[in-house]
*Asks:* 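Take this structure first; my questions come after.
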Amino acid sequence: MLKSHSCGELNKNHIGAKVTLAGWVDRRRDHGGLIFIDLRDREGIVQVVFNPETSKQSHKIASEMRSEYVVRVSGEVAPRPPGTENPKLVTGEIEVIVQDTEILNPSKTPPFYISEDTEVEESLRLRYRYLDLRRARMRKNLLLRHQVVRFIRHFLDAKGFIEIETPILIKSTPEGARDYLVPSRLYPGKFYALPQSPQQLKQLLMVAGVEKYYQIARCFRDEDTRADRQPEFTQLDLEMSFIEEEDVLNLLEELFTSMVETIKPDCGLIKPFPWLTYAEAMERYGTDKPDLRFGLEVKDLTDIVAQSDFSVFRSALAGGGKVKGICAPGCAGYSRSQLNELNKLVQDLGAEGLVTMPLAASAGSLDDLTLEMVRSVAAKFLTLDQVREIAKRLGADTGDLLLIIAGKSELVDMALDELRREMGHRLKLDDPHLFAFAFIVDFPLLKRSEEGLWEPMHHPFTAPRDEDVPLLDTTPEKVQAKHYDIICNGCEIGGGSLRIYTAELQRKIFKLLGYSDGEIKERFGHLLKAFDYGAPPHGGVALGIDRIVMLLAGEETIREVIAFPKTQEAADLTFNAPSPVAEEQLAELHLYLREER
RNA sequence: GGCCCCGUGGUGUAGCGGAUAAACAUGCCACCCUGUCACGGUGGAGAUCGGGGGUUCGAAUCCCCCCGGGGUCGCCA
């Protein structure tokens, strides 16, 4: 080793020790006579002192050192002179008096600050990701991710799970997301696909008798990115045999509870995890992944305003839409521009607009409220009783601001979900030290596609509730699934289900989804065949590792917890991928490039 | 594919139709400095304002197109 200790590990217990350190120059303070250098390695920072009276030679070399030079120093750990300790540094009680040093490798001036946590344009960070990752924030995130994955492995090992790798080159299943395809050299015109998730593979492992499987699995989906979506991402994939829904959910609750308590002991969480049905979540929050750190629940006002003459409400209802709202407590004093911001927020999502209704604090109480005190475009079309009824339903009092949206049901839900998050944030109700996990259960099994065909709400292997199976023949929309999602702070961090494990029921579902016998055989023959050989009842879950780490790290995007993420346009700026390939490579793969119009 | 935001010395920002074609902080370079830790002091270099086109007597500033980055709708079984 080129070093005897890590920079960050030194403390007063090392006083008197001869140490050799190696790392990067974080900062240099050259006093002419004395030179101080903050030497950084993975474990932290320690001050090293170059004194010409100790070593003239070392002092001379140190005067050449600049930011991010890779250097090695040997010397003695010494207590800092009284009054010069630095409480901001973990190692601030000591310093290393350098007797010998060498520059292992100089560095150009880096394109952005390594030693400061300032905002830098993300594309620049990604181009120089290896420098970006040197920064404290990124080092912390990488470490946290490691801790999370390590925790998961230990936890599941103790529960009797075994980790099994599954192929990355597998078969295309076009009914899901868009596949990443890999051409085959040995089979002209044929392709592998990268797994969107190891779903079918883990089910086959259950048929294989593994009983408890997990994998930290890379998954690939060729769809547009988001703050919480990348073309490749990592799942904790997990499957168990001979279990019921509660078994999975209890396992998850224990996993996340102990994870947070171990890794983020300064953070709180809500125990036990609430269970919400899908219908209830949609009703109360307008989304199936509500942020449960705060209330601000959405209420349906359709019945109250049905008789009003307000054209905004009338036309929405005439079109089969809804009128819903939320209450922003204490926000009646919002300025015109603040209200405009909220209005713009929902309009950008496609809503017609936002009806704002501040209940003047000056009224004192709802009983003393008059219509004149409600500064809203809707006020003159509503009776005082209607306003009071709306306020009552939203749990509002004077001084509160009512936010109401009318329109197509899904649009209203989406806009109010967004508004609710925004107000939760503005009112500082989204405590970053609280993790509000919850389970969403009782999802519908199916939904209608745009073409009016049945498609799975999640995937076609999800089992319907036993009592709902007969409904598959009559009213498929009423069939509920043995599916569950786990959410945290408004983020979907995982989903799973009990699976279909008989060929008969699986075939029935495929038929309902519109597959012909030929298609079923071609696409899912392997699975159905396996089910003929004693498939156990089984189920599991897939959790988004990137999202979990993002939440624990308090980051806004999963890119901050991925070492080498891709841009929104799915490019890797460090490697400049994707890139053209040589004609010979294409020929070997039996490919030619189509002319794009 | 749609909508929205951003792009000014290395970095982060200011400037948003005119006065010297750019200001501030930091970084960088040189010199000075033996207790600093965001060290300090003095001096210096460094941007034709993402690219192209247009409007104008005059454009970093207004308009159009393109490129890059981000947010989002669609999409994500």
Side-chain angles (χ1 to χ4, degrees), chain A residues 26-39 45-54 59 63 66-68 78 80-89 91-92 95 97 108-128 131 173-179 196-197 199-200 219-231 233 344-351 410-411 414-415 418 445-447 449-450 454-462 483 492 495 497 509-510 513 515 523-524 542 544 556-557 559 565-569 571 573:
Chain A
D26 196 63
R27 233 178 253 279
R28 176 184 69 116
R29 290 176 294 280
D30 184 347
H31 289 226
L34 274 183
I35 297 173
F36 298 96
I37 277 177
D38 291 339
L39 191 62
I45 286 173
V46 69
Q47 172 166 282
V48 301
V49 187
F50 298 87
N51 190 330
E53 289 165 15
T54 308
H59 180 268
S63 67
R66 295 293 183 273
S67 288
E68 299 309 311
R80 293 203 185 187
T84 68
E85 300 89 350
N86 184 356
K88 284 188 245 167
L89 269 188
T91 60
E95 60 193 8
I97 310 299
K108 285 185 171 177
T109 302
F112 50 82
Y113 302 108
I114 309 295
S115 56
E116 284 174 34
D117 187 26
T118 50
E119 285 298 313
V120 179
E121 198 190 331
E122 195 167 343
S123 58
L124 188 70
R125 292 174 55 199
L126 291 177
R127 262 202 307 286
Y128 293 94
L131 298 181
T173 53
E175 59 281 346
R178 199 176 291 112
D179 278 320
Q196 296 174 24
S197 99
Q199 179 61 37
Q200 294 181 60
C219 305
F220 305 87
R221 294 178 191 175
D222 188 3
E223 299 292 349
D224 288 352
T225 65
R226 288 290 184 278
D228 61 355
R229 272 164 41 188
Q230 283 268 299
F233 60 100
K344 187 173 185 307
L345 190 75
V346 300
Q347 283 185 332
D348 286 349
L349 287 169
E410 301 86 78
L411 202 57
M414 190 166 76
E418 189 64 31
L445 184 72
L446 303 162
K447 63 183 179 196
S449 71
E450 279 174 30
W454 289 116
E455 54 184 36
M457 186 92 172
H458 294 93
H459 58 59
F461 316 111
T462 305
H483 179 97
E492 180 194 327
S497 60
I509 295 290
F510 286 143
L513 297 174
Y515 293 118
R523 294 185 188 174
F524 304 107
E556 298 285 326
T557 88
R559 294 187 302 279
K566 290 177 177 55
T567 65
Q568 191 168 73
E569 294 296 310
L573 297 184

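Values below: all heavy atoms of this structure, side chains included; hydrogens, waters and symmetry mates excluded. Here is how names work: the chains are called A, B, and so on, in the same order as the sequence lines, proteins then strands, and each is numbered from 1.
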*Asks:* What is the pairing partner of B:rU48, taking Watson-Crick or G-U wobble pairs with both distances under 3.5 Å in any strand?
*Replies:* none

*Asks:* Quick one: are A:Ser67 and A:Ile114 in side-chain contact, heavy atoms under 4.5 Å?
*Replies:* no

*Asks:* Applying a 3.5 Å limit to both distances, which nucleotide forms a Watson-Crick or G-U wobble pair with B:rC3?
*Replies:* B:rG71

*Asks:* Is there a side-chain polar atom (N or O) of A:Arg226 under 4.0 Å from OP1 or OP2 of B:rC73?
*Replies:* yes

*Asks:* Does OP1 or OP2 of B:rG69 have a side-chain N or O of A:Thr567 closer than 4.0 Å?
*Replies:* yes

*Asks:* How would nucleotides 45-51 of chain B be written as a contact map, 5' to 3', with B for base contact, S for sugar-phosphate-only contact and - for no contact, using protein heavy atoms under 4.0 Å?
*Replies:* -------

*Asks:* What is the distance, rounded to the nearest whole Å, between atom CD of A:Glu121 and atom P of B:rU13?
*Replies:* 9 Å

*Asks:* Say you pick atom C1' in B:rG58 and the same atom in B:rC33; how far apart are they, in whole Å?
*Replies:* 50 Å

*Asks:* Say you draw a straight line from CZ of A:Arg27 to CG of A:Leu39; how long is it, rounded to the nearest 0.5 Å?
*Replies:* 14.0 Å

*Asks:* Under a 3.5 Å cut-off for both distances, is B:rC24 Watson-Crick or wobble paired, and to whom?
*Replies:* B:rG12

*Asks:* Under 4.0 Å: is that the gap between some side-chain N or O of A:Arg559 and OP1 or OP2 of B:rG71?
*Replies:* yes

*Asks:* Any donor-acceptor pair, under 3.5 Å, between the side chain of A:Gln47 and the base of B:rU36, if you only look at N and O atoms?
*Replies:* yes

*Asks:* Is the backbone N or O of A:Gln196 less than 3.5 Å from a side-chain atom of A:Asp179, with the two atoms forming a donor-acceptor pair by type?
*Replies:* no

*Asks:* Look only at the side chain of A:Thr91 and the backbone of A:Ile45, and say whether a donor-acceptor pair between them is shorter than 3.5 Å.
*Replies:* yes

*Asks:* Using a distance-only criterion (donor-acceptor N/O pair, under 3.5 Å, no hydrogens), is the base of B:rG71 paired with the side chain of A:Gln568?
*Replies:* yes

*Asks:* Does A:Arg28 contact B:rG27 through a side-chain donor or acceptor facing the base, at a distance under 3.5 Å?
*Replies:* no

*Asks:* Quick check: on RNA chain B, is the nucleotide nearest A:Lys344 upstream (toward 5') of the one nearest A:Lys88, or the reverse? Name the residue that is more 5'.
*Replies:* A:Lys344

*Asks:* Using a heavy-atom cut-off of under 4.0 Å over every strand shown, decide if A:Leu573 touches base, sugar-phosphate, or nothing.
*Replies:* sugar-phosphate

*Asks:* Is A:Arg29 close enough to B:rC39 that one of its side-chain N or O atoms is under 4.0 Å from OP1 or OP2 there?
*Replies:* yes

*Asks:* Starting from C1' on B:rG69, measure out to CG on A:Asp224 and report it in whole angstrom.
*Replies:* 15 Å

*Asks:* Mind checking the P distance from B:rU48 to B:rG35? Whole angstroms is fine.
*Replies:* 42 Å

*Asks:* Between B:rA59 and B:rG43, how far apart are the C1' atoms? Round to whole Å, please.
*Replies:* 35 Å

*Asks:* Do any side-chain nitrogens or oxygens of A:Arg27 fall under 4.0 Å of OP1 or OP2 in B:rC39?
*Replies:* yes

*Asks:* Please answer whether the main-chain N or O of A:Glu95 pairs with a side-chain N or O of A:Arg80 as donor and acceptor at a distance below 3.5 Å.
*Replies:* no

*Asks:* If the threshold is 4.0 Å, N to carboxylate O, is there a salt bridge linking A:Arg229 and A:Asp224?
*Replies:* no

*Asks:* Could you check if a side-chain atom of A:Pro231 sits within less than 4.5 angstrom of a side-chain atom of A:Thr225, using non-hydrogen atoms only?
*Replies:* yes

*Asks:* For the base of B:rC29, is there a side-chain donor-acceptor partner from A:Arg66 under 3.5 Å away?
*Replies:* no

*Asks:* So A:Glu53, base contact, sugar-phosphate only, or nothing? Heavy-atom distance under 4.0 Å.
*Replies:* base

